[in-house]
Amino acid sequence: MSQSDATLRIELQFSGGMELLFDNQKTIHAKVPASFPLDGSAENRHAATIRDLISWTASNLLKERPELFIGADGSVRSGILVLVNGADWELEGELEYELEDRDEIVFISTLHGG
Amino acid sequence: MPGATDTKPTKPLKNPCNLCQSVRAILKRPKTGQQLCKECFFHVFETEIHNTIVDNKLFNKGDRVAIGASGGKDSTVLAYVMKLLNDRYSYELDLVLLSIDEGITGYRDDSLETVKRNRDQYQIPLLIVSYKDLYGWSMDDIVKEIGRKNNCTFCGVFRRQALDRGAIMLNVDHIVTGHNADDIAETVLMNILRGDLPRLQRCTSIITNDTSEDSSGIETSKILRSKPFKYTYEKEIVMYAYFKKLDYFSTECIYSPNAYRGHARIFLKDLEAVRRTAIVDIIHSGEALSASVQANESTKLPTMANCTRCGYISSNELCKACLLLEGLNKGLPQLGIGHTTKIRRMHEAANLASGLSSPASLSSAVADGSAGEKVKVVTHIKDLGQLETMPTLASV
Ligand SMILES: [Zn+2]
Ligand SMILES: [Zn+2]
């Protein structure tokens, strides 16, 4: 297996209305590339971060209305809460958090209904 | 929390809780930047709401309080927390759930199922009042008739009145709603953008009743309304619901694209991302603006009377709902208005169904409720007596 084929098992969870953008799936077990190319070069790669996971999820799993998931600067749209292994991603480095095998990442929309 | 760390973790704890220091933090508070573990978060969240209730003297001991319940995150958390605090601090409130069925297929019918589960989970009686029964029109009917352009106007006017009518049926003193700090900041922003100062004033007060000025014809009612989540951030409400695994419904209303409000909300979230205190700053601005409006307009109370058709409190001959209904019913005279009979029938049915204790007859409440009696005065909950002081966090 070459470096670029390695994957991580990531459990993605969607709630608070987020699941509506993912075909109503609340949990998706995904195999996410363990590394992503740096500046488009095939040689230089960096370990996958949440930033990579967000764009990977948007291009591979998202079913509709990407503008309700993706926000500015490659982050999620404001108003979406993210948890990394049960904790607020603001405590875990947010976009720069490096994914590990068997991580559990939760996306919760706060924008749906009161 | 000294003494609680007998079993020392082998690795140093990653992100220890700022309060107990012994458990991993799971939340960074939007208000303070503090990082908290799950138990400390629950405790702080609940205690702050308790303090809001006590500091603002929202209730009297023995009050009968309706929780406006939509099945969404805010009102679900509100119902859960109101019950919890009522038990924990012996408020001795008589709690009921009050839901409005606007008659929106595929939206409200599903969310009402959530409310019914909440009724069973929290053991709080529930009354559902529907637009169809109150007004002869469901929102589905109205949209069929008028299209999707102004339907939110109808819905807004009808909902406010329907909540009051439900509250009269339930014989409650007070309605609490789940509006949170983010909602209030958003409404402040929208009222400023529209230059709507009277509404600006109403949206920032934590408790309102019909002693509020009403220079622009906003209809007010005799029943107190308050927002125990006025200082509670949406992020924390959602996190609380998530960690408590509360059962709530999250789909947007199919008739409400709400573009303006949507933009206001995103704008707020973006502001908050660069300035942590944005939400609270905007609420404070709203309060300061409405205070200066009040000072200028030397509190002239409008003469409030009753709608000549339905009896609802109104500064005009016809209340807004009746005005809207008149339009809807033009060309459909067979529908009539028939509020009172329908309401009375529903009221009787509701009593039979829930065994609720002798609510005042609705017809008489509507007929003489608002005109004769004195306006209800917000009194203090000093007689709540031995309210516990805020327990120290070490005791969690
Ligand atoms: Zn703690
Ligand atoms: Zn009327």
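Protein chains get the first letters and strands the later ones, always in sequence-line order, with residue 1 at the start of each.
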Which answer fits Ala25(B), side chain, backbone, both or neither, if we ask what part of it has an atom under 4.5 Å from a heavy atom of chain A?
both
Chi angles and distances behind the side-chain hydrogen bond (donor to acceptor under 3.5 Å, both in side chains) call for Tyr80(B), Asn118(B)
CA-CA 8 Å; Tyr80(B) 178 88; Asn118(B) 292 160; over 6 Å; no
Between Phe69(A) and Phe22(A), does the ring centre distance come in under 6.0 Å?
yes
What verdict does the side-chain hydrogen bond (donor to acceptor under 3.5 Å, both in side chains) test give for Thr105(B) and Asp140(B), after you've listed the backbone C-alpha separation in whole Å, the side-chain angles of each residue and the deciding distance to 0.1 Å?
CA-CA 7 Å; Thr105(B) 311; Asp140(B) 284 343; 2.5 Å; yes
Pick whichever of Gln35(B), Met239(B), Lys14(B) has the most heavy-atom pairs under 4.5 Å with chain A.
Met239(B)
On the 0 to 90° scale, with breaks at 30° and 60°, tag the Tyr240(B)-Phe45(B) ring pair as parallel, tilted or perpendicular.
parallel
Among Lys269(B), Lys38(B), His179(B), which has the most heavy-atom pairs under 4.5 Å with chain A?
Lys269(B)
Whatever's closer than 4.5 Å to a heavy atom in chain B on Val106(A) counts as side chain
Got a sec: does the CG of Asp73(A) have more than 12 other heavy atoms crowding it under 6.0 Å?
no
Asp270(B) versus chain A, heavy atoms under 4.5 Å apart: side chain, backbone, both or neither?
both
Given that the side chain runs from C-beta out, which part of Leu81(A) has a heavy atom under 4.5 Å from chain B: side chain, backbone, both or neither?
side chain
